[in-house]
**Student:** 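I have a structure here, written as C-alpha coordinates, and I will follow up with some questions on it.
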Amino acid sequence: MSKHTWYKTYRPYISPLDPCPPITVKRYSTPPELYVGYQPPGLAQFPAYEALKAGTLWKCFYDPYYSVKEMKKGVRE
(Lines give C-alpha, C1' and ligand atoms only; values in the text may rest on other atoms or scores of the structure.)
Protein backbone atom coordinates (compact mmCIF):
# COMPACT_ATOMS: atom_id res chain seq x y z
CA MET A 1 0.00 0.00 0.00
CA SER A 2 1.29 3.45 -0.80
CA LYS A 3 2.24 5.91 1.91
CA HIS A 4 -0.35 8.63 2.44
CA THR A 5 -0.85 11.62 4.69
CA TRP A 6 -4.10 12.88 6.20
CA TYR A 7 -3.27 16.49 5.35
CA LYS A 8 -2.10 17.87 2.02
CA THR A 9 -0.58 21.28 1.36
CA TYR A 10 -0.28 23.59 -1.61
CA ARG A 11 1.15 27.02 -2.37
CA PRO A 12 -1.43 29.43 -3.83
CA TYR A 13 -0.62 32.25 -6.19
CA ILE A 14 0.33 35.42 -4.30
CA SER A 15 -0.39 38.64 -6.10
CA PRO A 16 2.09 41.50 -5.73
CA LEU A 17 -0.93 43.83 -5.42
CA ASP A 18 -2.58 41.93 -2.57
CA PRO A 19 -3.26 44.38 0.30
CA CYS A 20 -3.33 41.65 2.97
CA PRO A 21 -0.40 39.59 4.23
CA PRO A 22 -0.44 36.37 2.20
CA ILE A 23 -0.90 32.84 3.45
CA THR A 24 1.99 31.17 1.67
CA VAL A 25 1.05 27.55 2.39
CA LYS A 26 -2.53 26.31 2.63
CA ARG A 27 -3.54 22.97 4.09
CA TYR A 28 -6.56 20.70 3.64
CA SER A 29 -7.69 17.38 5.11
CA THR A 30 -8.22 14.23 3.04
CA PRO A 31 -10.79 11.65 4.19
CA PRO A 32 -9.77 8.04 4.89
CA GLU A 33 -12.14 6.57 2.29
CA LEU A 34 -9.85 7.93 -0.44
CA TYR A 35 -7.24 5.37 0.56
CA VAL A 36 -9.51 2.30 0.73
CA GLY A 37 -10.13 0.85 -2.73
CA TYR A 38 -13.07 -1.26 -1.56
CA GLN A 39 -14.80 -2.04 1.72
CA PRO A 40 -13.37 -5.33 2.98
CA PRO A 41 -15.66 -7.65 4.95
CA GLY A 42 -15.41 -7.85 8.72
CA LEU A 43 -14.45 -4.25 9.49
CA ALA A 44 -14.57 -3.17 13.14
CA GLN A 45 -17.74 -1.24 13.95
CA PHE A 46 -18.73 1.36 16.51
CA PRO A 47 -21.64 0.58 18.83
CA ALA A 48 -24.87 2.22 17.57
CA TYR A 49 -24.80 5.30 19.85
CA GLU A 50 -21.09 5.97 19.25
CA ALA A 51 -21.62 5.57 15.49
CA LEU A 52 -24.21 8.34 15.57
CA LYS A 53 -21.76 10.63 17.37
CA ALA A 54 -18.85 9.68 15.08
CA GLY A 55 -20.89 9.97 11.87
CA THR A 56 -19.83 6.56 10.57
CA LEU A 57 -20.42 2.94 11.49
CA TRP A 58 -16.92 1.72 10.67
CA LYS A 59 -13.96 2.73 12.83
CA CYS A 60 -11.48 2.86 9.94
CA PHE A 61 -13.57 5.59 8.25
CA TYR A 62 -13.72 7.85 11.31
CA ASP A 63 -11.69 11.01 10.81
CA PRO A 64 -12.00 13.81 13.37
CA TYR A 65 -10.97 17.26 12.24
CA TYR A 66 -8.11 18.94 14.07
CA SER A 67 -7.24 22.59 13.61
CA VAL A 68 -3.70 23.80 13.00
CA LYS A 69 -3.46 24.98 16.61
CA GLU A 70 -4.43 21.54 17.90
CA MET A 71 -1.92 19.93 15.57
CA LYS A 72 0.85 22.13 16.97
CA LYS A 73 -0.13 21.10 20.53
CA GLY A 74 0.36 17.47 19.53
CA VAL A 75 -3.24 16.27 19.51
CA ARG A 76 -2.70 14.37 16.28
CA GLU A 77 0.46 13.33 14.43
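All values derive from a computational prediction rather than experimental measurement. Throughout, numbering of the chain's residues begins at 1 and tracks the sequence.
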**Student:** Please round to the nearest 0.5 Å and tell me the distance separating atom CD of Gln45 and atom NZ of Lys59.
**Tutor:**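 With rounding to 0.5 Å, CD (Gln45) is 9.5 Å from NZ (Lys59).
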**Student:** Which atom pair, heavy atoms only, marks the closest approach of Thr9 to Val25?
**Tutor:**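 That would be CB-CG1, 3.9 Å.
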**Student:** Could you tell me the separation between the OG1 atom of Thr56 and the CD atom of Glu50, rounded to the nearest 0.5 Å?
**Tutor:**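 Interatomic distance, Thr56 OG1 to Glu50 CD, rounded to 0.5 Å: 12.5 Å.
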**Student:** Give me the ring orientation class for Phe46 and Tyr62: parallel if the planes are under 30° apart, tilted from 30 to 60°, perpendicular past 60°.
**Tutor:**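 Perpendicular: the ring planes of Phe46 and Tyr62 meet at over 60°.
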**Student:** Looking only at heavy atoms, which two atoms of Cys60 and Pro32 are closest? And how far apart?
**Tutor:**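 Reported closest heavy-atom pair: O-CB, 3.6 Å.
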**Student:** Who are the side-chain contact (heavy atoms from CB on, under 4.5 Å) partners of Pro31, not counting sequence neighbours?
**Tutor:**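 For Pro31 the side-chain contact (heavy atoms from CB on, under 4.5 Å) partners, ignoring immediate neighbours, are Glu33, Leu34.
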**Student:** Could you pull out every donor-acceptor pair under 3.5 Å between side chains of residues 12-24 and any protein atom, sequence neighbours left out?
**Tutor:**
from	atom 1	to	atom 2	distance (Å)
Ser15	OG	Leu17	N	3.1
Asp18	OD1	Cys20	N	3.4

